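Data block below; observations after.
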Amino acid sequence: MTMNILYGDQVGRQGDIDPMNNIISHYQYYLDLLGVGREQAGSHENLTCAEQVPFNPSYTGSSSS
């Protein structure tokens, strides 16, 4: 969910794309540096937002104002 909030517009609902996998990879790298096991972060399916609708899209379309 956090990844969806931060990067939903760029990577959400696009399947397993490289930019999203890079974010997950960097996250796991920093977990390793902190001594937190990758297994504690959860599986790739738990970390990805590949099939989620963007939580707070920045584009809202045209308004009638």
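Note that this is a predicted model, so its numbers are computed, not measured. Below, all heavy atoms of this structure are taken into account, side chains as well, without hydrogens, waters or symmetry copies.
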remark   = Between V36 and the options R38, E39, Q40, the side-chain contact (heavy atoms from CB on, under 4.5 Å) test singles out Q40

query = For L47 and A41, which heavy atoms make the closest approach, and how far apart are they?
reply = CD2-O, 3.5 Å

ask   = Rounded to the nearest 0.5 Å, what separation is found between the OH atom of Y29 and the CG atom of L34?
value = 10.5 Å

